[in-house]
Each structure stands twice: as structure tokens, then as C-alpha cells.
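Letters A, B, ... mirror the listed sequences (proteins, then strands); counts begin at 1. These figures come from a predicted structure and were not determined experimentally.
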Amino acid sequence: MKPAGWLDRRILVTVGTGGVGKTTVAAALGLAGARAGKSVLVMTIDPARRLADALGTGALDHVPREVPRERLREAGVAGEGTLAAMMLDTKRTFDELVERFAADPASRERIFANPIYRNLTDALGGSREYSAMEKLRQVHVEGGYDLIVLDTPPASHALDFLDAPRRLAGFLESQFLTTLLHPAAVVGRASLRLFRSGSELVLKGLERITGLEFLTAISEFLLAMEEMLGGFSERAHEVARLLRDPSCGFVLVSGPDLQQAKSAETFWLRLQAEGIALVGLVLNRVHVWPGAGEPPADDDGEVERAIAWLTRALGEAAPDLDAPASASALVAATRAQAALALRDASVRERLEKALPLPAEAVRAVPLFGEDVHELAALGRMVGMIFAERGDA
Amino acid sequence: MTDLIAQLLARRLLLVTGKGGTGKTSVAAALGRLAADTGVKTLVVELGHASVLPDLLCEGPPRATGEPRRDPLRAAPNLFTLRLIPEDALLEYLELQIRVRALARGIVGNAGFKRFLEAAPGWRELITLGKLWHLVTREDSRGAPVWPLIVIDAPATGHGLSLLSAPKVILDTVRLGPLRRNTDLVQALLTDAARTAVLIVSLLEELPVNETLELSARIRELGLALGPVIANGVEPPLDLRDAERVLGMVAKLDAAGAPSPLVDPVTLCASARYRLARARMQAGHLVRLEREFGVAPIALPWLARGVDDPTGVAALARSLEAELARSRAEVGA
């Protein structure tokens, strides 16, 4: 069975903890879409240049870059499918929003010059998540792609990006902001007294800590942004709806490590709580047992017999060889492989139990001996994810 | 030049970061374990809501040393752990600053303020650093530091950089007031090479090494001192002479005679070739790190038993100790 319906979605979002190969899986899903004849955009947050080199797009940046047709052919895209890739740029995304929603050039320049804005979009946590979601919404609305694959920011901060739109909307609609904005701390200390009791208390407390100057800078920033807030808030709600639409599917990526599996389970609980559909799990970097049947459990007697047999066989084949040393090294390698394959199988079993996915929606990709950064290797990965089950 | 262990343990704050999935938490725990075993009273701090360190460090049931969620747990002799939650630290900070507990709780409990906090970027980073500064500078009645060494299991690259660059944002924006004064102190601690160093954990694979190189440049730009780079999960090489010739012979063996699947010719060749390829790839990235940093990274072995408990952490700490002892790296170089 093939993983049904993944490529029928309009949006696929890869989620998972850091280091499990999310970006590579996102690229492989994109390539699979192109092979199926779709026009695909992969949005990544990962600045890994090798991936861009492999795709032949040149350095990825804020605008979609098409993978050249001849590279696509090499990667098995026979038909009309196309593949473009872009890297999310937080600062540029925010700047575009300001460009678009600022009332006039003067207020636009005021926002760009505000020190809080300059730093907010650059360095501070959370803005990356906002901008990833905003860019997804924008590209989706503009259309032009059959499938958008979003590679989410890696996060032990788990699913911050899911909350980002809602948190932003909540903040923008809150009384606190209105209080901060309208009597305007810009006017000075005296006006702070006019605030209603609850928020007044809060602001007074904050003022003691941050100083009036900081509150003023925030107020100026917010006043400058106010005209755009309607736009921001509406968009945040739109993204929240989009992520829960049936045309959007989440693909969970995990490694075969116990800690990674536990993170994947946490992700699943969060997705479920958020009302978001999980279409599948890619268990990446799995150690496969190259032999027929199950890998043998470790057993001292069996290891001894195996080494003795191999020593004799190698000694007969080449009398000049240090057969005992070679046999020990070789059997050590297969024992290690068996142990890893058994461990990975148990983690897979655990995840299959924990996640309510049909068997064909759980796909294992073996750990390659080398890095997966050329298009050919990416093509092999597509083969693994979309192959008939039972081979991996 | 004193040895690298002494150089590291002479610092007050060691931040362990790197790409997600490289084993930062295990390395931070092992570093704490090593320091504690060397006789330095050490506090290992994890950030955010996940709690892993007690499982990695506590040999028995952890013991509280003060208020829960505010004061560290005692994990072992000389070894303490703390989970630093920004919301709790904020309340603590407000209490310290405003000196009226009810007012501080009033602020934190205010519904509007809560929504503001949920959306407002940056404050988590600031308050986290503020609490770390507070821990570093706390002194006992004789004026000695309460926590001579603090090891931080810091967030992965992106959020890690957000954390380390947060003070600069405030310093660019705020010129006066307690927030400015506090941030000045925090920034002075972070950029003081005598007190603070950052250790980057990497795997010997393409993406983690790329990220390590970019991350190290950004950390230097921020004015922080870099400790040694740690290459984690280094797999044992296949100790097989004349590998190609031997594998050629193995391929020709009669599978029917093999007494175990362990010596099936196909399995033997595939396993050995896999291991050879992995070792070749890892060696290549090791060389790359050495070339970029001018000194070999600290290579920690992949541990088959995993690093999920105090025994695993102790094993990793022994490897760390041996590797640090023979390294030519210097902190801040």
C-alpha cells in the first residue's frame, strides 16, 4: 500500500523535533509532488546550502526559485511537474507587511525606524514563527501552486508556530493594548493615571521596572503599527483556519531514538488538541537489518559459533589472512546492526501504537551511509516514502 | 596554559548549544557530572517546560533545596539541577523589583497582561538571562558564590541565538531605568570571557557541521567566548584490515553453511559496508571541523546503551574528561 492521499493535499506541513531530518523530508515530499505532475513549492527555514545546491536553485532566499527542468528529469520527474523552493526570511516578511499596510510613506518610515520594530523582526523569539505562518498564508492566497510543503522551524519549543497566529490575534484584540495605545504614554507620566484600575496597576508596575522611556518606545511602536493591526489580526485568524482545513495535512517526522519518539508523541497530542489532522508519520534514519527475516537477539553462544565458523571459512579461503581478527570485526559489525535494527523496530512499534494512523501512513526511511544532499539521494528517499510497504 | 578542564571549570557560566538532535542535553548533563566529580559545586539548568535533567542526574530521589520551581534540586553530591520557567522567573523578578508581593502577583495575574505576555516576543529570553545572572551573582554569608559553576542546557541554534542576542535589543532601545541597569549587568556577564563560555555540540554529519560553523560565527559576533566544539555520537570504526579483499571473500562464502544470521554473507557485507561508509563520512566531517577551528573537536563516542540515566551520563562524563584532558583547544580561542 502507498501512503494514500498525502499528495492530494494543497498544503503539507512537516513537523518534528530538531535533528530528525524535517527539511530533507519536506524536500522529498516536494519532489514526490513534482513527480506526480504537480507544481510544488517547498518553503524551508533551513539555510543548509547543500540542499539548495542539490536542487540546483542557487542559494535559496525569500523568493521562490524554480529547480531547472533538466535537474528535475534527473530526479525522475517525467511529466509537467515543477518544483520551486524558497527560504523564509523573517525580516523581509514583516517588512512586506508594513509596506503593504502602512497608511502612508511617513508612517511606514516611522515603523522602519522604530528600534523595537528593527529588533523585533530580527532577533527576538516568536517572530520567526509569525512570519512562517504569514508567508504560508500569503503564498496560499496568491495561488499558483498545486502543493505547498512547509518545513516548520525546529523547536523544542514544539508547536509554537501553531499558537503564533492566535497569540498575535489575542494580543491585538486585548484591552491591554487599547489601554496602552489610546491614552498614549507618549503624552507623559500624567496620562498614565487616567488608565482604568486593573491595567493602570499593571502599567505602573511595569513603568517602575522598564522606565517610562521603554513604555514610550513601545507605545510609539504600537501607535505606528495601529493602522495595520486590523490587517495583522484578520490574517492571523485566516492562518489559524487554513491550518485546520481538510486541504492541509501535517506529516510528523521522527527519528528512531526513544527521546525523539517521545517528542513525536507530544507533538501528536498537541496537534490533536489543536484540532489539526495528522496524515502520516515518516520515521527517518532507521537502521535496517540487511538480512532475511528478523535480526537475531544477542546471544553469547550464537556469537561464538558465528565467529568460529567465519574464522574457519576465511582461513580456508586465504591462509595468509588474520582470520580470527577479521571474523571478530565482521561479526561485531553485524551484531551492532542487529542491535540497532531491533531498537529501531521497538521504537517504531511504540509509535505505531501511540499514533492513530493506518499502517500505510507510517513510512520508514533507512539511515543512509552518507548525507542525503544530492538530488539522486533525495529521489531514493522519495522511493522509500512512497514505495509499496513491506520493503523497509 | 592550563588544561582545558581547568579552563572550563574556572568559568561561572557554560552555555551548551548546537543544532537540535545533537545531544546537547546529554553533554550538558555530562559536563555537570564531570565538574561535580572534580569537586566543583555545579548547577545544571534546563530551560522551558520539558524536564529531563532530574532523570539524567539524580541517583536517588531528588531533594528540594528551597521553594519548588524557584530553587534547585539536589541531584548528587556537588550536583544540583534547576528547571527555569520564564513565567515563574518573571514573578520572582517583579517581586524583587517592586518589593510588594501582592502588586507583583496582581500584575502577573492581570488578564490583559497575560495576553500581552503570550504574544510579546523577547521577554522570555530576557527574564531567563536575568535569572541566570541572579544565580551566578548570589553569594553566601561569607561572600563566596552560592553556585560556583552553572551549566545551561541552552536551546538549539535559532532560539539559542535569540536568547543570547536579547540583551542587545534592550540596550539599543532603553537608555535609563531598572530594565536598562539589569540588562547592562546581564550583557556584561555574557560577554565576559573570564566568566562565560559557549560550547557547541555537533554531530559528524553535513547539516550539524554547517550549522556549527554558522553558529560559531554568530556567537563571536555577539561578543561571547567559545569553548571547545564537541563532536557527539562518534561511531566506532570497523577494525578490519584489507577490508575490500576480505569483503570480496565473504561475498563468495556459501550462505547455506552459516550457523547464524550474523554470518550470512549478504548481511556481513552490508553491515560492514554500512559501518565503513559511516566511519568515512564521520572522519571527513571531523577533519572539516578541525580545519575550520584550527584544533580537533572533542570527540565523544556513540554509546550503545544510550544516555538516558545517571549511568549513561557518567559514562559520557568519563569520555568527556579523557578527551578534554588531551585536547589542545583553548577557551575563547
Side-chain angles (χ1 to χ4, degrees), chain A residues 17-20 48 50 115-116 119-120 123-128 153-154 156-157 167-168 170-171 174-176 179 198-199 201-202 205 208-211 213-214 217 258 290-291 293 296 302-303 305-306 309-310 313-314 317-318 321-322 326 329-331 333-335 337 339 369-371 373, chain B residues 19-22 48 50 94 97-98 103 106-107 110 112-113 115-116 118-119 121-122 124-125 155-156 158-159 162 165-166 169 172-180 205-207 210 238-240 246 249-250 253 258-264 266-268 270-272 274-275 277-278 281 304:
Chain A
T17 187
V20 294
R50 278 300 186 92
I116 292 186
N119 290 305
L120 172 88
L124 290 177
S127 42
R128 260 187 337 159
S156 58
H157 296 225
R167 272 187 289 151
L168 184 59
F171 168 55
S174 78
Q175 196 63 41
F176 189 79
T179 316
S199 295
L201 181 78
V202 171
R208 277 169 72 172
I209 292 163
T210 63
E213 189 194 30
F214 187 59
L258 188 60
E302 181 172 349
V303 169
R305 278 194 303 281
W309 178 81
L310 188 59
L314 287 175
L321 200 72
D322 184 354
S326 300
L330 285 165
V331 171
T334 44
R335 280 175 75 194
Q337 200 68 21
E370 285 147 342
D371 291 306
H373 291 299
Chain B
K19 183 169 163 54
T22 55
L94 290 174
Q97 287 295 322
I98 299 175
L103 182 57
I107 291 177
N110 179 278
F113 185 63
R115 299 190 85 170
F116 171 73
E118 277 188 13
R124 288 179 182 80
E125 287 84 354
H159 285 100
S162 294
S165 53
V169 176
D172 287 350
T173 316
V174 186
R175 279 172 295 139
L176 295 164
L179 182 64
R180 170 73 197 211
E205 293 175 26
E206 180 76 28
L207 297 184
N210 288 352
L238 179 68
D239 187 18
L240 184 65
V246 173
M249 290 192 298
V250 169
L253 293 179
S260 156
L262 289 175
V263 281
D264 174 79
V266 173
T267 311
L268 280 173
S271 302
Y274 168 79
R275 202 134 293 289
R278 291 286 298 174
M281 182 191 77

Under the side chain to side chain contact (heavy atoms under 4.5 Å, CB included) rule, what do A:Trp309 and B:Leu253 come out as? Steps first, then yes or no, please. CA-CA 11 Å; A:Trp309 178 81; B:Leu253 293 179; 4.2 Å; yes

A side-chain contact here means heavy atoms from C-beta on lying under 4.5 Å apart; do A:Leu330 and B:Val250 qualify? yes

Looking at every non-hydrogen atom in both residues, tell me the closest pair between B:Pro259 and A:Arg305 and how far apart they are. CG-O, 3.9 Å

Could you tell me whether the side chain of A:Leu310 reaches within less than 4.5 Å of the side chain of B:Leu262, counting heavy atoms only? no

Please state whether the side chain, the backbone, both or neither of A:Leu321 comes within less than 4.5 Å of a heavy atom of chain B. side chain

Any idea which heavy atoms bring B:Thr267 and A:Gly291 closest together, and the distance? OG1-CA, 3.3 Å

Side chain from CB out, backbone as N, CA, C, O: work out which of these in A:Ala306 comes under 4.5 Å of a heavy atom of chain B, or both, or neither. both

Considering residues at least two apart in sequence or located in another chain, which fulfil the side chain to side chain contact (heavy atoms under 4.5 Å, CB included) criterion with B:Ala270? A:Pro290

Under the side-chain hydrogen bond (donor to acceptor under 3.5 Å, both in side chains) test, which residues partner A:Ser326, sequence neighbours left out? none

Closest contact, heavy atoms only, A:Thr334 versus B:Ser271: CG2-OG, 3.4 Å

Report yes if some heavy atom in the side chain of A:Glu302 is under 4.5 Å from a heavy atom in the side chain of B:Pro261; otherwise report no. yes

